[in-house]
Amino acid sequence: MIKLFVPGRLCLFGEHTDWAGHYRTMNADILPGASIVTGIEQGIYAEVEKSPIFELYSDAPEINNVWNDFSCRMNEAELKSVAKSGSFFCYCAGVASYMLEWYKVGGVRIRITKMTLPMKSGLSSSAAICVMVARAFNQLYKLNLNTLGEMNIAYLGELRTSSRCGRLDQACAFGVKPNLMTFDGDEIEVKALNVKKTLCWVFADLCAEKDTIRILSDLNKSYPFATTEAEQNLHRALGEWNHEIVGRAIRYMAEGNVQALGQLMTEAEEQFDQYIAPMSPALHAPKLHEVLGDPKIQPLVYGGKGVGSHGDGSVQFLARNAEAQQQLIDYLNAQGMRAYALTLHPVHTVRKAIIPVAGFGTRLYPATRTIKKDFFPMPCPDGMVRPVILILLEELVKSGVEEICLVLGSKEERKLYKDFFEQPLSDEHLSKLNAEAQEYENRILDIGKRLRYVYQNEKRGFGHAVYQAAEFVGNEPVLLMLGDTLYHSTTNKPCALQLIEQYERYNQLLVSIHSIPLADVSHYGILSGVWEDKERTILNVSVMNEKPKASYAEEFLGVRNGEGQKEYYSVFGQYILTPDVFAQLASDIAEADAKGDTTREIELTAALDSVRQKSGMMGVRLNGVMYDMGNPKALRRCIQQFPE
């Protein structure tokens, strides 16, 4: 059984541009549509499992007044008939019929356990249930669809009903975070957006009347070609003028300029009223404008606007802070509306890192009798010879990391690091260095101020070593680097910074990945999944397999590249671990201790896979080259080629 959650969605900017952008297939002068859409905190919770038939049940009291248990054979004609019936289950049946037609799947049993998403409030409850059904089939039958694939099937499935949803409705598939959606004809692109400061949104069902079908019918009369000045202005409002507003919104969110973002909402609403609303009598919205202009609301907000198709459906405001957010919700509810909070939090910038250096370096014996492998000297392009650990630490500092925890094998080892990073050179040695080297000496000492130390006194595996830094990490994301691996970026951004920037977009467990030859897969942990982006840099990981045989990897673990050929991906050696990973490691250690098995190795890979199954994991293909130096052959290559 799999537990799923799918939120509703809220269009913050760019409503109506999804269908307008679709007309580029007929008129190339129309600009692509652009919308900023986010999932909301309210949604649908369900438990799903395989079944011979298609079944839906509900334990959620929120919808029991409209819900009757439903079942249907996995028969294409029967499912399509239900989809056209207009019943409460038509959306679900539409998606199921599409899945059966194109993927020849069996049935599913969906039990809705909780529903906090209001229905018929412009928040796409129908799209959420469609995404829920598509995701259930995808995960249960391992269809290997990425999030955009689930979203598209949910959309196509809903079109098999009498609904005429827009392409942005299924943005709920991407979770509770803001995304830029671009609509270019039949093509859709989704990019996660950064939020610098906490944004306290309030949205409310105005509990009035709106006629979405009439609104869309009227607006569509002006497409694909504009013949009047009013129609030309409509094209601009949903095209170039919208692009300008959306671009500013993205910038304000990234900069944390909350006041400007709120004022932009009001500006966007004024533009809507001037150029879009006159094109349909159904867009006359007295209740919306009464609420937007309410003098009791103004001191609580930076700005506000309509939601979705407008026409007295829902309203949204950007509150000044969390206290004002709650005051506004209370006020709107007291006025007979249904108001909800949406708080978009900034992703914590990764400011901590871990480097385990506890190993003896058996494969590099006998050199490791006298020098730890992370202190092996490495010639660098600037003429300096740095120890490996210093190269790693410099990469972290350049990437904005503030504190770095070294996991040592014993307290006795600490002296080595303190002597190198905290003990100034003697005046005698310092005087022999040129001015550049003397200045560099200060940089080494500055790095030493960032270092913290923990100890792995028991050799119980890599996961156990990482867990020793749990107290250092606290409840923050943390970057993990390997102590016997070097990284060379092929761009102007260090590999670590590339990974951190992706975390700020996706806010979940990340593993850097790189491709390896099929012949070598039996030496590595192999990750497989589906690409989330057109550039094939973000892999939604669905499988982790430790050292598979080449024949198995070729059949089951290949990931298609742009030319349709299979590639095989392993960990590049950098991770961003979430608090869930440390909770899982703690559970694994406690389980082993309870059995008295204090010799069992606690593996990081097993913990990562457990977290992946619960909350997902992304693989990030970085622009760079990894140099392992943990064995003689790899060390020789590293010395010869680093950096390439």
Side-chain angles (χ1 to χ4, degrees), residues 1-5 45 47-50 113 139-140 142 350 352-360 362 405-411 452-483 503 507-513 522-529 540-548 552 557 570-571 573-619:
M1 181 178 293
I2 299 174
K3 293 183 178 181
L4 298 177
F5 167 72
Y45 300 77
E47 296 176 346
V48 302
E49 58 187 339
K50 287 184 178 180
T113 57
Q139 294 195 14
L140 290 171
K142 302 185 185 306
V350 179
K352 294 182 178 181
I354 305 170
I355 306 179
V357 289
F360 169 58
T362 306
C405 183
L406 302 182
V407 184
L408 308 181
S410 67
K411 288 187 177 181
R452 311 290 182 267
Y453 304 94
V454 296
Y455 312 97
Q456 186 190 24
N457 297 315
E458 306 170 87
K459 299 302 181 279
R460 296 179 61 183
F462 186 52
H464 183 265
V466 171
Y467 184 72
Q468 303 315 301
E471 185 175 344
F472 161 81
V473 171
N475 195 38
E476 298 184 36
V478 65
L479 176 66
L480 171 66
M481 297 176 72
L482 306 182
Y503 178 79
N507 193 23
Q508 69 179 116
L509 173 62
L510 295 185
V511 179
S512 61
I513 58 174
S522 61
H523 302 295
Y524 297 92
I526 302 301
L527 296 83
S528 185
N540 193 330
V541 179
S542 58
V543 176
M544 298 180 69
N545 194 297
E546 189 66 23
K547 298 180 179 179
Y552 181 88
L557 303 178
S570 180
V571 174
Q574 296 188 7
Y575 315 69
I576 292 183
L577 308 181
T578 57
D580 290 348
V581 175
F582 288 88
Q584 184 62 48
L585 288 171
S587 176
D588 294 345
I589 293 170
E591 179 184 347
D593 291 348
K595 296 177 180 178
D597 187 1
T598 57
T599 61
R600 176 184 132 197
E601 290 205 346
I602 306 299
E603 293 298 340
L604 179 64
T605 301
L608 295 178
D609 200 36
S610 294
V611 173
R612 178 197 64 78
Q613 294 177 43
K614 295 173 186 174
S615 53
M617 178 172 74
M618 295 291 188

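Count residues from 1 along the sequence.
Proximity of L406 to I354: side-chain heavy atoms (C-beta onward) are nowhere separated by under 4.5 Å. Using a 4.5 Å heavy-atom threshold, the side chains of Y552 and N545 count as touching. Under the 4.5 Å side-chain criterion, counting only non-hydrogen atoms from C-beta, M617 is not in contact with L510. Side-chain contact between V571 and I513 is absent, with no heavy atoms from C-beta onward closer than 4.5 Å. Contact of the Y503 side chain with the P477 side chain is registered, since non-hydrogen atoms from C-beta on lie closer than 4.5 Å. Residues Y453 and C405 have side chains not in contact (no heavy-atom distance under 4.5 Å, counting atoms from C-beta outward). Annotation: side chain of H464 is in contact with side chain of I589 (closest heavy-atom distance under 4.5 Å). Under the 4.5 Å side-chain criterion, counting only non-hydrogen atoms from C-beta, V511 is not in contact with V541.
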Give the table of side-chain donor-acceptor pairs shorter than 3.5 Å for residues 579-588, with sequence neighbours excluded, one pair per line with atom names and distance.
| residue | atom | partner | partner atom | Å |
| --- | --- | --- | --- | --- |
| Q584 | OE1 | K614 | NZ | 3.0 |
| Q584 | NE2 | D588 | OD1 | 2.9 |

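Annotation for K459: atom NZ counts as buried by contact number, over 12 foreign heavy atoms lying within 6.0 Å. Around atom CD of E49, more than 12 heavy atoms belonging to other residues, nucleotides or ligands sit under 6.0 Å away.
Rounding to the nearest 0.5 angstrom, the gap separating the NZ atom in K3 from the CE atom in M1 is 9.0 Å. Atom-to-atom distance recorded for Y575:OH and S512:OG is 7.5 Å, nearest 0.5 angstrom. Here the NZ-CD1 distance, from K50 to I2, works out to 9.0 Å after rounding to the nearest 0.5 Å. To the nearest 0.5 Å, atom CG of residue L527 and atom OG of residue S570 are 7.0 Å apart. Atom CD of Q456 and atom CD of Q468 lie 6.0 Å apart (nearest 0.5 Å).
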Query raised in the report: side chain to side chain contact (heavy atoms under 4.5 Å, CB included) between Q574 and M481: does it pass, once the steps are laid out?
Result: CA-CA 5 Å; Q574 296 188 7; M481 297 176 72; 3.6 Å; yes
Report task. Determine, stepwise, if the pair V357 / V407 fulfils side chain to side chain contact (heavy atoms under 4.5 Å, CB included). Result -> CA-CA 6 Å; V357 289; V407 184; 5.8 Å; no
Query raised in the report: Do I576 and Q508 pass the side chain to side chain contact (heavy atoms under 4.5 Å, CB included) test, and can you show the C-alpha distance, the side-chain angles, and the key distance before you say yes or no?
Result: CA-CA 8 Å; I576 292 183; Q508 69 179 116; over 6 Å; no
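At least one donor-acceptor pair closer than 3.5 Å links the side chain of R612 to the backbone N or O of S542. At distances below 3.5 Å, not a single donor-acceptor pair connects side-chain atoms of T578 with backbone N or O atoms of L509. Between the K411 side chain and the L408 main chain, no donor and acceptor come within less than 3.5 Å of each other.
A salt bridge is defined here as a Lys NZ or Arg NE, NH1 or NH2 lying under 4.0 Å from an Asp or Glu carboxylate O, and R600 with D593 fails to meet this definition. For K352 and E476, the salt-bridge test passes: some basic side-chain N is under 4.0 Å from an acidic carboxylate O.
Here F5 pairs with Y45 under the ring-ring contact (aromatic ring centres under 6.0 Å, His included) rule; sequence neighbours left out.
Nearest heavy atoms, L577 versus V466: CD1-CG1, 3.9 Å. Of all the heavy atoms in P356 and F462, the pair that sits closest is CG-CE1, 3.5 Å. Residues S528 and L557 approach most closely at OG-O, 3.3 Å, considering heavy atoms. When all heavy atoms of I355 and G483 are compared, the closest pair comes out as CG2-CA, 3.7 Å.
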